[in-house]
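Read through the structure below, which is laid out as C-alpha cells, and then see the notes.
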Amino acid sequence: MNILDKIVLRKKEEIAAAKALVSIQDLEKSVHFDRTPYSFKEFLLAEDRTGIIAEFKRRSPSKGLINGVADVADVTQAYNAAGASALSVLTDVDFFGGKTDDILAARAANNIPILRKDFMIDEYQILEAKAWGADIILLIASILTPQQINDFGKFAKDLGLNVLLEVHNLEELERSICPNLDAIGVNNRNLSDFTVDIQTSFDLVNKIPNEFLKISESAISNPQTIAALKAAGFNGFLIGENFMKTDNPGVAIKEFVAQI
Ligand SMILES: O=P(O)(O)OC[C@@H](O)[C@@H](O)c1c[nH]c2ccccc12
C-alpha cells in the first residue's frame, strides 16, 4: 500500500472518531461558523502581499520531524507580518503532526486567509474547516473522483469557503476541473513516492484555464524561483519546509521575502 492509501485509510477512522465526539449540529454552533471567510483571490492579488502561502507543518511522511517546537500563533503571525498572502495549516494528526486547535490558534492571531491543509474525503471535514475559522479548503485530485470534487467544491462554496484543487499531472487536471473551484495548485511533489520537480509547475501552468488562480506548491526554496514562477503565470507559491526547518520560521520568511 502506498503512503497516500495509508493516509486516506487512517483518515476515515479519524473522521469517524471526530463525528462520534462532535455532532454536525455542534459544529454549526461554534464561534466561527457564521463568519464570512476572506477572499483568497483578494489577498493573493493584493499589491502589498507577496503571493506566498506560508505553511505551518511540524512533520511530514517524506521528511519526518521538521520542527517540534515552533508555536503556531507566533509563526503564523510572523508569516503574516512578512507579507504572506495566506496561511496554510496542516491539520492531519498522525502523518503531519497537526493539532486539533492549530487552526483556532492561527485564526485568533491573524486576519488573512487560512487554508485548512488536510486530506478532505468527507463533507464533515469541510464543516469543521468552517467552524474552526478557516477560509480555504484543499481538494486533492488524486484521492477524489471528479464527482466528489464537484460536490465537495459546491458544498464548500455554499458555505462561503474558497476552494483550492491540487493536481500533479495533466490527466488529473483535465478530469477534475469544474466550476466550483477558485484556485488550482500544481503540486511539485508526487505524493505517492515523494519525488519533487519544479518543472511540473512550468509544464502545467498553461493548461490551467485563466479563470482560476494558479498556485505552485512544494519544494520552493529559492527566491529566484518565485520570479520564474510569476513570469510563467503563477499567482501563488505554497512554501512550508523551507521556513519550518529553520530555528525561526518567522525570520526565515522575512529574509526570503527581502530577496524576491
Ligand atoms: O514543505 P514544502 O515542500 O514547501 O511543501 C508545502 C506544501 O506544498 C506541501 O506540504 C503539500 C502540498 N500538498 C499537500 C497535500 C497534503 C499535505 C501536504 C501537502
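Just so you know, ligand 1 is whichever comes first in the structure, and atom 1 is the first atom listed for that ligand.
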Atom 4 (O) of ligand 1: the protein heavy-atom neighbour that sits closest, reported with distance to 0.1 Å:
Gly240 N, 2.7 Å
For atom 17 (C) of ligand 1, find the nearest protein heavy atom and state the residue, atom name and distance (0.1 Å precision).
Phe96 CZ, 3.6 Å
Would you mind listing which atoms of ligand 1 come within a distance below 4.0 Å of any non-hydrogen atom of Ile239?
4 (O)
As an exercise, identify every atom of ligand 1 less than 4.0 angstrom from a heavy atom of Lys57.
1 (O), 2 (P), 5 (O), 6 (C), 9 (C), 10 (O)
If we only consider heavy atoms of Leu238, is any one of them less than 4.0 Å away from an atom in ligand 1?
yes
Below 4.0 angstrom from a heavy atom of Glu217, which ligand 1 atoms are there? Numbered from 1 as shown, please.
8 (O), 12 (C), 13 (N)
With sequence neighbours left out, the residues meeting side chain to side chain contact (heavy atoms under 4.5 Å, CB included) with Asn210 are Lys214
Identify whether the distance between the nearest side-chain nitrogen and carboxylate oxygen of Asp92 and Lys57 falls below 4.0 Å.
no
Could you tell me, atom by atom, which parts of ligand 1 come under 4.0 Å of a heavy atom of Ala219?
2 (P), 3 (O), 4 (O)
Determine, considering heavy atoms only, which of Glu55, Glu241, Arg189 sits nearest to atom 7 (C) of ligand 1.
Glu55
Atom 8 (O) of ligand 1 sits nearest the protein heavy atom Ser218 OG, 2.7 Å
Nonpolar side-chain network containing Met1, other nodes, edges under 4.5 Å
Leu9
Salt-bridged, Asp118 to Lys11, with N to O below 4.0 Å?
yes
Salt bridge between Asp102 and Arg116, side-chain N to carboxylate O under 4.0 Å?
no
Ion pair present between Lys99 and Asp101, side-chain N to carboxylate O less than 4.0 angstrom?
no
Give the atoms of ligand 1, by number and element, whose distance to some non-hydrogen atom of Phe119 is under 4.0 Å.
16 (C), 17 (C)
Would a distance-only check, ignoring hydrogens and angles, find a side-chain to backbone donor-acceptor pair under 3.5 Å from Asn162 to Tyr38?
yes
Test side-chain contact (heavy atoms from CB on, under 4.5 Å) on Lys19 and Asp122 and set out the steps.
CA-CA 11 Å; Lys19 282 180 176 172; Asp122 191 310; 2.9 Å; yes
Given Met120, Lys117, Lys245, which has its nearest heavy atom closest to atom 14 (C) of ligand 1?
Lys117
Any heavy atom of Glu166 under 4.0 Å from ligand 1? The part involved is side chain
